[in-house]
Amino acid sequence: MLRVRFAPSPTGFLHIGSARTFIFNWLYARRNGGVMILRIDDTDIERNTDASLQSIFEGLAWLGLAWDEQYRQSDRLDLHRQAAATILEKGLAYRDFTPATHDEGERPRDAAQWLFNADMANLTPAESQRRADAGEKFVVRYRVPRDVTRDIEFLDGVYGHQSKSTADIEDFALLRSDGTPTYHLASCADDAALGITQVIRGQDHLSNTFKHILIFDALGGDVPSFAHLPLLVAPDGTKLSKRRHGPVVSVTTYRDAGFLPQAFVNFLCLLGWSPKNDREQLTLPELIELFSFDGINRSNAVVNFSELEPFDPKALWLNAQHLRSMPIEELLPFAEAELDRAGFSLPPGCDRQWLAATLDMLRARYQTLKDFGTRARPYFRDDFPMDDEALSRLDKPGAREGLRTLAERLAKLPEFTEAAVEAELRGLAAERGEKAGLLINAARSALTGQAVGPGAFHLFTAIGRERSIERLREV
RNA sequence: GGCGCUAUCGUCUAACGGUUAGGACGGAGCCCUCUCAAGGCUUAAAUACGGGUUCGAUUCCCGUUAGCGCUACCA
């Protein structure tokens with residue numbers, strides 16, 4: 001059975017890079033009929049926060065991609081300690097009684113000294129046990145083979161064949177001096193215990209994988225296969241971080257900016273992966289169908305944002321594409337939530353069908369859900385601002401007078417349809433010896449306060465006879 | 001410093017030895033048109049550098065350069 005996991009550590013909000021890792025895992029699981037597991041890697045008690053945990057669940061909930069099983073590493077500390085004990089018993093690890101030093105700058109960088117501490121590695125089991133029993137603090141380190149060096153190898157699903165000599169791997173820690181497991185140990189022990197078959201994670205773990213293979217071997221279980229994903233970086237080429245790049249790195253920022261989750265997922269997938277068929281706009285089912293490691297790139301992908309343009313233009317474009325092409329019924333809940341937030345309610349006499357038709361008309365020129373809460377105001381409320389550009393259309397000679405005349409004629413119209421309004425308006429313009437555009441543009445301005453928007457005749461029917469006439473009279 | 005990874009238009013990418021190096025976003029222009037979008041068309045824009053291998057390299061190999069990652073009792 002294929003089993004994959006997404007294992008975030010709750011030390012910050014849900015990062016878009018993490019979200020992408022989650023998505024790729026999810027896609028892989030769904031594509032191949034596997035099980036998707038969410039595991040909270042909270043072994044760093046110092047840095048974990050509840051707010052972060054909150055942010056992760058909030059972000060994942062928004063993406064709308066469900067997982068099948070859920071675990072939390074802090075519930076599994078016994079398993080981790082047991083794993084460490086097993087490795088220690090096998091002689092594949094040793095106790096290091098050296099006190100912790102926090103000045104890493106002091107670590108030797110040139111020689112091979114950093115690899116291991118010979119004094120500690122060579123302590124006899126009896127001596128090691130005696131000092132431990134005496135209550136001396138120690139960290140448990142993996143005993144990387146030194147007498148004979150060999151190459152650790154694996155075939156990465158994305159990066160291909162990987163190899164590293166044990167001579168270049170240091171004796172890394174398994175257990176801290178307070179007895180808690182390090183990331184490496186906890187992650188591998190859990191991957192083994194949970195039967196993870198494919199580890200799909202960020203490329204920043206590529207070099208760690210050699211250590212992980214050593215741990216899996218020491219534990220005696222199967223080594224999962226690995227696939228590493230290129231990193232998402234900022235335009236300056238550095239890893240995305242909140243401190244340096246601000247809120248654009250957080251998933252909830254996109255949610256709050258009016259992105260559609262499916263469009264956002266689509267965007268993230270295109271960063272570092274290609275379906276290779278020149279298609280860009282893809283639905284979730286299509287992504288599942290098309291997803292494969294073959295299409296994953298090996299170089300980092302830049303998320304293109306700046307102070308001026310806080311969101312990648314392609315993300316915006318994709319959002320607009322999804323916005324206007326998804327079934328209107330699916331869009332409705334998202335749009336309604338936005339209208340609610342803005343305090344807009346259905347105008348008198350308008351039903352859900354009117355709402356669907358009106359939003360359908362508007363969405364072709366909207367980019368994010370936020371537009372429904374701002375630009376759609378004149379369709380829901382009678383108090384709306386008048387743009388300068390709209391005002392100048394009204395100020396054209398004869399425009400206001402023409403609109404007032406039009407209002408009276410529309411009031412007498414037997415049927416208030418798009419075609420009837422158009423005939424009436426064009427007729428009036430002809431009578432007055434003016435171009436129809438003058439009245440058309442002025443009407444749009446009067447009706448919505450906006451110089452730009454949907455076709456004017458369509459507008460009349462959307463806003464309705466009564467309100468339209470009212471607004472024309474008031475110019 | 002050591003080790004690992006990477007390198008195609010501004011950005012995301014296609015081309016798995018032979019193409020006028022393709023597409024998308026963004027930019028510019030045109031068309032459509034009652035405005036704005038949308039849509040259609042056109043256009044500018046890339047193989048980091050140097051060596052090989054080969055009849056032929058974006059593609060394979062080596063080197064240089066640059067970037068990124070790991071090198072913690074972080075993950």
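Below, read A as the first sequence line, B as the second, and so on, with proteins coming before strands; counting in each chain starts at 1.
As rounded to whole Å, 19 Å separates atom P of U11(B) from atom CG of L268(A). Taking atom CZ of F311(A) as the reference point, atom P of C12(B) lies 19 Å away to the nearest angstrom. The separation between N441(A) atom CG and U33(B) atom C1' is 11 Å, rounded to whole Å. Atoms CG (D371(A)) and P (C36(B)) sit 18 Å apart, rounded to a whole Å. Rounded to whole Å, atom C1' of C12(B) lies 16 Å from atom CG of L231(A). One can place CG of D278(A) at 13 Å from C1' of C25(B), the figure rounded to the nearest angstrom. Protein atom CG of N304(A) is 13 Å distant from nucleotide atom C1' of A24(B), rounded to whole Å. The distance between atom CG of D395(A) and atom P of U35(B), rounded to the nearest whole Å, is 19 Å.
When the C1' atom is used for both U65(B) and A14(B), the distance is 26 Å, rounded to whole Å.
Residues Y254(A) and F311(A) bring their aromatic ring centres within 6.0 Å. The ring of H212(A) has its center no closer than 6.0 angstrom to the ring center of F154(A).
Note on P454(A): a base of the nucleic acid sits closer than 4.0 angstrom, heavy atoms only. Among the protein residues, G453(A) comes within range of the nucleic acid bases, having at least one heavy atom under 4.0 Å from a base atom. Within the nucleic acid shown, T180(A) has no heavy atom closer than 4.0 Å to any nucleic acid atom.
Nucleotide A15(B): unpaired (no Watson-Crick or G-U wobble partner with both distances less than 3.5 Å). Using Watson-Crick or G-U wobble geometry with both donor-acceptor distances under 3.5 Å, G10(B) finds its partner in C25(B). Partner assigned to G50(B) is C62(B), using Watson-Crick or G-U wobble distances below 3.5 angstrom. Shown here, U35(B) forms no base pair; nothing in the strands shown gives a Watson-Crick or G-U wobble contact with both key distances under 3.5 Å. Across all strands shown, C5(B) pairs with G67(B); the Watson-Crick or G-U wobble distances both stay below 3.5 Å. Across all strands shown, A57(B) remains unpaired; no Watson-Crick or G-U wobble contact has both distances below 3.5 Å. Of all nucleotides present, none satisfies the Watson-Crick or G-U wobble test against A72(B) with each distance under 3.5 Å. Shown here, A44(B) forms no base pair; nothing in the strands shown gives a Watson-Crick or G-U wobble contact with both key distances under 3.5 Å.
In terms of phosphate contacts, Q321(A) brings a side-chain nitrogen or oxygen within less than 4.0 Å of OP1 or OP2 of G39(B). Listed pair S299(A) / C5(B) fails the phosphate criterion, with no side-chain N or O lying under 4.0 Å from OP1 or OP2. Residue K276(A) places at least one side-chain N or O under 4.0 Å from the OP1 or OP2 atom of A15(B). Under 4.0 angstrom from either OP1 or OP2 of A14(B) there lies at least one side-chain N or O belonging to N297(A).
Between U11(B), C73(B), U35(B), one nucleotide has an atom nearer to the side chain of T182(A) than all others, and that is C73(B). Minimum atom distance to the side chain of Y159(A) is reached by C5(B), of the listed C5(B), C73(B), C3(B). Of the listed nucleotides (U35(B), G26(B), C12(B)), G26(B) has the atom at the smallest distance from the side chain of P313(A). Set against U11(B), G2(B), C68(B), the side chain of D168(A) has G2(B) as its closest nucleotide. The side chain of A301(A) approaches C12(B) more closely than any other nucleotide in the set G69(B), C12(B), G26(B). Side-chain atoms of Q203(A) lie closest to G69(B) of the nucleotides G10(B), U35(B), G69(B). In this structure, of A38(B), G26(B), C68(B), it is C68(B) that holds the atom nearest to the side chain of N300(A).
Between F216(A) atom CZ and D191(A) atom CG the span is 4.5 Å, to the nearest 0.5 Å.
Non-hydrogen atoms lying under 4.0 Å from RNA chain B are contributed by N208(A), K211(A), all within residues 208-219 of chain A.
Note: F22(A) and F6(A) have perpendicular aromatic rings, judged against thresholds of 30 and 60 degrees for the angle between ring planes.
For C36(B), the base has no donor-acceptor partner in the side chain of R444(A) [N/O atoms by modelled type, under 3.5 angstrom]. For K314(A) and A24(B), a side-chain-to-base donor-acceptor distance below 3.5 Å is present, hydrogens and geometry of angles not being considered. The base of C36(B) sits with one of its N or O atoms less than 3.5 Å from a complementary donor or acceptor on the side chain of R365(A).
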Y94(A) and F138(A): CA distance, side-chain angles, deciding distance, ring-ring contact (aromatic ring centres under 6.0 Å, His included) verdict: CA-CA 9 Å; Y94(A) 59 89; F138(A) 60 86; over 10 Å; no
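Within 6.0 Å of atom CG in D75(A), more than 12 heavy atoms from other residues, nucleotides or ligands are found, so the atom counts as buried in its surroundings. Remark: K370(A) NZ is packed, more than 12 non-hydrogen atoms of other residues, nucleotides or ligands lying under 6.0 Å away. For CD of E136(A), the number of neighbouring non-hydrogen atoms (other residues, nucleotides, ligands) closer than 6.0 Å is greater than 12.
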Donor-acceptor contacts, no H, no angles, side chain residues 7-19 of chain A, under 3.5 Å, sequence neighbours left out:
| unit_1 | atom_1 | unit_2 | atom_2 | d |
| --- | --- | --- | --- | --- |
| H15(A) | ND1 | G17(A) | N | 2.9 |
| H15(A) | NE2 | L240(A) | O | 3.1 |

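Where P230(A) and D41(A) meet RNA chain B, the nucleotide closest to each residue was compared, and P230(A) sits on the side nearer the 5' end. Of the two residues near RNA chain B, S177(A) and H161(A), the one whose nearest nucleotide lies more 5' is H161(A).
For the pair R76(A) and Y71(A), the distance from NZ or CZ to the six-membered ring centre is under 6.0 Å and the angle to the ring normal is within 45 degrees.
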